[in-house]
Each structure stands twice: as structure tokens, then as C-alpha cells.
Amino acid sequence: MAEIKFSISSNDPLAKPELKKIIDEVIDRNKHLNGATMVVLNELQSKIGFISRPMQVYVAQRLGIPVSQVHGVVSFYSFFTTSPRGKHTVKFCLGTACYVGGIPQIIEKAKQILGVEPGQTTEDGEITLEVCRCVGACSQAPVVVIDEDLHGRVRPNKFPQLIKSIQPGQE
Amino acid sequence: MKYFRSHILVCVDPECLKKGAHEVMDAIQDELVAQGLIDEVQVLETSRIGDCSQGPEIMVYPEGVHYGGLTVDDVPFLVEEHFLKGRIAKKFIIETEKAKDEELSAPTPKEMRVVLRNCGKIDPENIEDYIAEDGYQAVAKVLTSMTPDDVIDVMLKSGERGRGGAGFPTGKKWSFARASTETPKYTVCNADEGDPGAFMNRRVLEGDPHAVLEGMIIAGYTIGSNQGYIYCRAEYPVAVHTLNIAIEQARSLGLLGKNILGTGFDFDLEVRMGAGAFVCGEETALMASIEGKRGEPRPRPPFPAVKGLFAKPTNINNVESYANVPQIILKGADWYSSLGTEKSKGTKTFALAGDLKKPGLVEVPLGITLRELVYDVGGGIKDDKGFKAAQIGGPMGGCLPSKYLDLPVDYESLISAGAMMGSGGLIVLDDETCMVDIARYFMDFTQDESCGKCTPCRVGTRRILEILQNICDGKGKDGDIETLEYLCKEINAASLCGLGQGAPNPVISTLKHFRNEYEAHIYDKRCPAKVCKALIHYSITDGVCTGCTVCARNCPVNAISGERRQTHVIDPDICIRCGICAQVCNFNAVEVK
Ligand SMILES: Cc1cc2nc3c(=O)[nH]c(=O)nc-3n(C[C@H](O)[C@H](O)[C@H](O)COP(=O)(O)O)c2cc1C
Ligand code: SF4
Ligand code: FES
């Protein structure tokens, strides 16, 4: 992986002192743990929102492990993302119960309203659509998770109402 | 540790304190002493029994009676009634309207709660609630009066088998880990619960975390391990939070950490989080993940009991396997082995989902029939439609048609019917479900989650998915079924871990029981259940349609036109067959053909 140079663009979290401080704090607090890589990456993902390429190099250096190993872990797990997401996320559960319970129709509806596919972020950087597997609330299928809040028994015609609160200028 | 027959928990939140909780508590202590009950009844401080509106509020266990509005003068009467005469003092009782629990309702007669006994009943964030339910007495008993071999003996006699899927006897597993001489040893809890449609473990972790902790402490003592890890999937933030609180509280009471209960035994626990990879539920992948690596399975042997986490001897069990342990220790192996069938002992939690009237979490003795589970416990099929199949065992499981309704649900019977116990997800499908589509769905899942290490699993699942997708798209051709059968056999035989080996199961079982549906798709270009988009079309029935416009407003592609109060029309060229119109129509005017 010769192409990786440790150059940091100005909008990388490492270039922002307040975020850099968080990153260092997470690494310092966990680096002594057995299997620290996962713990550090998990925390960075949730505190920073994504793990940029430079961050991966930095983590590897600070933990004293090869960059390829950190990169291998980041790319293996679906929770880790390497670029920023929208301010809000809307996750559609594609677990079995939700699938038979009608989540495909809800996704159609969302695509229609927001103009993006799952995996994409709206142009204004506000909302990212995602799909996930079973969030463990199958008895309430179909389930949509908006930011941290879980919504069950969602109907296509009720969906627009549901996302109003996170659409800018629509509160 | 003293044994108390009852516990009184007194709420000491500010509200209740203001209304005299401490005075009432002192009065209760005095009265218990006066009545000679102080060695039988323990008084503890707690918080948040209710909303404190009727403070001071107290809770009496094991009955779980909630009293409120007490004054110091009421205490002698209350103590006499409740603890001497054994009668509930009705005039102080608080009838709290419990928030309706969507997942866990009151047990039906066929249910029996062992693992779930405390869920929804105790405050999971309050260790004293758990202690009042005999919590940590099993640890006390084990650490003070049993040798590791005694514990293994009890576990073997109880007949408990692993609840994570494979059903390996827990006692045997522990004896292997105990026999390993290398140190340190590790105790691991598999809380990855990745099967879609399963949420039993989550509920236990969130509702009764100390039961899992207690089971792990006992396992640690038995195998000679001083450090444990709970690997919890990242999709369960609440469970992680609850577990961390539970661990903190257990530490503060000396139930975790150094010198537990003064017995010289050290044991501590850490929660580790997954990051959204299903294969990490497989035990060797899980351990690789804790080590901070990619979660790829490795061949066994060596088994974890010999070389597990950090290459040290490790015992790994499922959440439910551990949560059973304290009760097996306290109530005895005979009690546990009296539940269930000859080879499948005890109770099992199931997450009932799909087209059921009463989906949710249940716990039943093993050996119950599928029919009882679906109809008596699950309330039968929603909207009184017909039963088509039960999908059991997760993505590696199988679909059982109605002729298996009288099958006893136990490890061996399920395997022989072509399904498996799995972790306990049970999805009931009604007669409007397309079985080819279901097989396609599961294959989509497994090919997405294959870690990619073995070619048959990585490539083979994708090939199967392509074929199934074609069949659903109306592009199936003669010979597809045979190719599927061939691929299933190869993938099963040549994959390293349970994911690859089990991946073909949904296809195999649907091919076996619903072959005619495959044939209808391939040869007649027809989806009998009217699900596969390419093979159906939607229309609106003249005369039934009231022209209310709700369908036109909800169609995502504006394929519906029509004037208000006039029959609407769907343009088949624009229609993407999403079915939204049929769902939102209040008059059943949308027809699918
Ligand atoms: C692909 C795959 C996924 C698995 N997922 C889980 C899981 O989510 N939870 C679990 O307890 N066991 C899971 N298992 C089973 C574990 O490998 C292992 O058998 C189990 O943790 C042993 O615990 P037990 O003996 O208490 O059942 C999975 C196995 C495979 C092959
Ligand atoms: S069978 Fe599949 S999931 Fe299992 S190790 Fe092989 S490639 Fe990975
Ligand atoms: S399938 Fe959606 S919550 Fe389980």
C-alpha cells in the first residue's frame, strides 16, 4: 500500500484540533486493552461519525500495528464508514420479519420523497438512507430507525409524516 | 451470605424521601425485630419502584407486591398482615398501570419462564431488584460450597444444551475447558444474536443482565478463568449500556473483581462490541473480532477449549445458556431435567415473528409442538389466513410446511425435518408468501454476510442468488432447479464454517416442500402467491373503487390516474408493482393477478 501518504486534508478530523483531541483521548484510554483495535475503531466511529483514511493510518501508528491491519478491519465490518454521513440517518430494517412485513414498499416511498437510494446522502448533506439487518424489534415490523429512534408498524402513507421532523425547514 | 425469604425494597428517591421513606423504613426494621422476623426479611433501599406519586412506596419480593402511601403508623399492621399472616394488605396496594409491553406479554398457559422470569418484572439497572429474586445466591452457593467438579456434575445432569444453535451440552463444554492446563483462561459470552428475526438474547441482556453475569462468574470459577468478555452486537446499544451498568454494580458489591464474596476467587468482565458482521456470531470469528481482527472463522480443531481467545483456553456460550445456570444451581439438576424432552431439556425462548396474531417473545418447554407454538402461544395466523410455513433456525435454518405442525420442537426433531433450532427465531409465513422469494431473501442475506474466505461459500451463494433472482424475475429456465441442487450440495460440503455449510438450507427446504412453486415460476411464468413483481400485475376493479384518490396520492411513481369519485386506472408500463396501492386502499379495490 505504497500510495498511502500520511497527508491530511484540511477538512479531515485529524486537522481539527477539537476532534484530534477526542481521537487521542479514545486511543490513550484504550490502547492498553487486549484487542484494542476494535474498541478504538468502534468508539471513533460513534464519536467522529466515520473513520477517514488518515485516521486509519494514525490509529495504526499509535497502536503500533500495520496500516493494512486497521484497514482490513475497517473494511470488514459494515458499521465502519470511511466518509461522513448526513446529519440524520434513516435506516430501514431488511430483516426477515420486516421484509415480509412490507419494508420494500417503505423504501420505495423514501426514494420517491428524498430522491436518493439507500447508501446515499441527500444533496444538502442532511439525510443518509441506510439498510440494516434486523434491529431486534421484529414484532413491530416493518421497522424504520430514524437517528436513534425506532419506529414500528410503519405504513407507506405514514412515512412522509415520520421524516418531517428531520427534514430541514419542515419541523 | 444469609438467605432471606422476603425482601422489602424501599424507594428512596427524593419524592419518597420527602414523604417520609426513611422514617417508614426505620419503622419497618423496628417492627420486624419486634416480630422476630428480622432474620427472614431483609429491608433494602432502592429507587424508581413507581413514579413516587404515592410515596413512600415499597416493593415486596418474591411476591412483587407494590405498596404505597404508607405512614409510620401503618407499619405494624402491614408487617403483621403481609409477613406474619401472609396476606396482602389490600388497602396499601398500588395498582400501577404498566406500560403495555409490545414484545413480552403475560405468559399463556403453555409457556414457562425460566430465562425470562425477571424480564419486565425487575429494574435491570438496579442490582438489588435482582438480588431480591434470589440473585447471586447461586454464585454464593458455588463459591462457598461446591468444587468445580461439583458444578460440572450438576450441569451435566441438568442436560442443558447450548442455546446458540448447535446444542452442545454445556457441562461437557465446561469440562473440556477445565481440563486445559494452560493459563490464563477466558470465559466468553456470545451476545451477537445476528439471526434476522431473533431478539431473545437482547431482551435478556436488557431485562435481566445480572443473570448472564452470574452464569458467567460460575462458568469462570468452574473452568478456572479470571477474565470474561461479553461480545455484544453493535445493533444493541441499550443492551451494552445495561450490561455496563450491571457490571459496575456487581463490582461495587464485590460480586465481580478481586476476592469475590471473600472467597479468594477473582473474576472480572468486559463488554466488547461487534460492528455489524453476522459471521462474528460464529465462535472462532467472534474471538478473532475480540482480538481486534477481521471476523473470519478458522478451522476447528483446535477447539476454543484448547486454543481460543488470544490463543488461550476459552469457554464460549450463548447468553441464554449462561442465564439458565444460576437457576440450575439453585433449583437443582433434577428440576431442570424434568423440563423438556429426553434429549432436549429445559425451556427455550423463541422470538415469534411474521404473520402471527400475537408476535413477540415467548419461552416454552422444549418438546412443545409447532402447532401449539403457532396457534396456542402465537395466537394463530393474522387476519385468519392460512398457515404456509414456519421458518426456524435463522438464515441457516429451514422452512417447515403444515405437515410438520405436529412436530415436537426439539434439537433432533428439527434437524430430521430439515430445519434446526438455531438461536430461536421463528418466523411464521401465511399463504400469501412466495417461497421462492423467501429462499431468495435468505440467500441475499448469506451471500452478503459471507466473510469471503472460502470460494464455495463466497461464489456459490452468489450464483444461487443469481439463479433465484432470475426465477423471481420470470427468467427462470429448464435445468435451474438441478443447478440449484448441485450448488447446494457443493457449498455445504466445501465450506469451512456453519455459515457456508448452512447457507443452502433455505433453498434445500423450500425445494423439498414447495417445489411446485419453483416450477410455476420457471415453466408457467406465474407466482402462485402473487408476490414476484415481474410475474404479477395490479389493476383496480371497476365498481369497487370509490375514487377516493388515496392510491393515486401514494403511488411512488404516479402510475395511477383518475378523477375524484371515478374508478382509477393503473398504467402497467409505469407501475413498479410495489403494492403500496393495495396496502393503502380501504375498499379492497386493488386486484393482483
Ligand atoms: C454463521 C454462524 C452464526 C452464529 N451466530 C450465533 C449467534 O448469533 N449467537 C450465538 O450464541 N451463537 C451463534 N452461533 C453459534 C456459535 O458458533 C457457538 O456454537 C455458540 O456460541 C456456542 O454457545 P452455546 O454452546 O451456548 O450454544 C453461530 C454460528 C454460526 C456458524
Ligand atoms: S463458510 Fe463462508 S462465512 Fe464461513 S468461513 Fe467460509 S467463506 Fe467465511
Ligand atoms: S426483522 Fe426488522 S426488526 Fe427484526
Side-chain angles (χ1 to χ4, degrees), chain A residues 33-43 45-46 63 65 69-80 91 93-102 104-113 131-141 145 148 150 152-153 155-160, chain B residues 102-103 193-199 201-203 234-237 270 272-278 280 289-296 309-310 351-356 359-361 391 394-395 425 427 429 433 438 441-442 444-445 448-449 451 550 553-554 556-557 576 578-580 583-584:
Chain A
L33 290 177
N34 265 344
T37 322
M38 274 293 274
V39 182
V40 166
L41 293 178
N42 249 323
E43 273 201 40
Q45 175 71 43
S46 73
L63 295 181
I65 54 176
Q69 191 176 327
V70 175
H71 179 68
V73 170
V74 170
S75 60
F76 185 82
Y77 297 95
S78 63
F79 255 55
F80 299 140
K91 274 192 217 152
C93 175
L94 265 183
T96 321
C98 292
Y99 183 75
V100 295
Q105 286 88 325
I106 315 282
I107 297 179
E108 281 307 325
K109 190 79 197 177
K111 286 203 260 185
Q112 176 207 359
I113 304 176
V131 292
C132 61
R133 302 281 184 196
C134 190
V135 293
C138 321
S139 55
Q140 302 173 51
V145 186
E148 305 279 281
L150 195 143
R153 306 217 172 80
R155 291 283 140 238
N157 49 346
K158 296 278 153 57
F159 182 76
Chain B
E102 286 257 355
E103 291 171 352
E193 194 165 56
D195 289 6
F199 53 90
N201 288 176
R202 173 176 63 73
R203 194 54 205 242
E235 289 87 338
Y236 288 177
E270 239 183 78
R272 288 294 173 89
M273 263 162 80
F278 171 74
C280 284
S289 184
I290 296 181
E291 290 167 5
K293 303 190 189 124
R294 292 163 70 92
E296 287 173 356
L309 187 59
F310 304 117
L352 303 182
D355 306 315
L356 277 177
L361 194 58
Q391 204 285 338
I427 296 154
L429 305 169
T433 314
I438 288 292
Y441 165 79
F442 279 113
D444 185 37
F445 181 90
D448 196 35
E449 296 292 350
C451 80
V550 74
R553 279 182 283 123
N554 279 289
V557 289
I576 54 166
C578 67
I580 292 178
Q583 269 192 21
V584 297

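In the text below, chain A, chain B and the rest are named by the order of the sequence lines, each starting its count at 1.
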Engineer: Decide yes or no for B:E235 and A:C132: does some side-chain heavy atom of the first lie under 4.5 Å from some side-chain heavy atom of the second?
Structural biologist: no
Engineer: Locate the shortest heavy-atom distance separating A:Y77 from B:A277; write the atom from each residue and the value.
Structural biologist: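 What the structure gives for the nearest pair is CD2-CB, 3.7 Å.
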Engineer: Output the distance between atom CD (B:E291) and atom CE (A:M38), rounded to the nearest 0.5 Å.
Structural biologist: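 It is 11.5 Å, given to the nearest 0.5 Å.
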Engineer: Rounded to the nearest 0.5 Å, how far does OH of A:Y99 lie from CG of B:D444?
Structural biologist: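 Between B:D444 CG and A:Y99 OH, I get 8.0 Å after rounding to 0.5 Å.
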Engineer: For B:R294, is it the side chain, the backbone, both, or neither that has a heavy atom closer than 4.5 Å to a heavy atom of chain A?
Structural biologist: both
Engineer: Under 4.5 Å between any side-chain heavy atoms of B:R272 and A:V39, yes or no?
Structural biologist: yes
Engineer: Does any heavy atom of chain A fall under 4.5 Å from the side chain of B:F278, the backbone, both, or neither of them?
Structural biologist: neither
Engineer: With side chains defined as the heavy atoms from C-beta onward, is the minimum distance between A:N34 and B:E270 less than 4.5 Å?
Structural biologist: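 SC-SC contact between A:N34 and B:E270 ruled out.
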Engineer: If every non-hydrogen atom of B:G276 is compared with every non-hydrogen atom of A:S78, which pair is closest and at what distance?
Structural biologist: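 Distance-wise, the nearest heavy atoms are O-OG, 2.6 Å.
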Engineer: Check each atom of B:I427 against the heavy atoms of chain A and say whether the ones under 4.5 Å are side chain, backbone, both or neither.
Structural biologist: side chain
Engineer: So how far is it from A:L94 CG to B:Y441 OH, rounded to the nearest 0.5 Å?
Structural biologist: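 Separation between the atoms: 6.5 Å.
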Engineer: Quick one: what part of B:I438 sits under 4.5 Å from any heavy atom of chain A, side chain, backbone, both or neither?
Structural biologist: side chain
Engineer: Show the nearest heavy-atom pair for residues A:F80 and B:A275, with the distance to one decimal.
Structural biologist: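 In terms of heavy atoms, the two residues are closest at CZ-CB, 3.6 Å.
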Engineer: Which heavy-atom pair separates B:A234 from A:F79 by the least distance, and what is that distance?
Structural biologist: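 Nearest pair, atom of B:A234 first, then A:F79: CB-CE2, 3.5 Å.
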Engineer: Hey, does B:K293 have a side-chain heavy atom less than 4.5 Å from the side chain of A:F76?
Structural biologist: no
Engineer: Select, from A:V40, A:L41, A:L33, the one with the greatest count of heavy-atom pairs under 4.5 Å involving chain B.
Structural biologist: A:L33
Engineer: Can you tell which part of B:L429 gets under 4.5 Å to a heavy atom of chain A, answering side chain, backbone, both or neither?
Structural biologist: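 The side chain, not the backbone.
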Engineer: Counting heavy-atom pairs under 4.5 Å to chain A, which of B:G274, B:G394, B:P395 comes out on top?
Structural biologist: B:G274
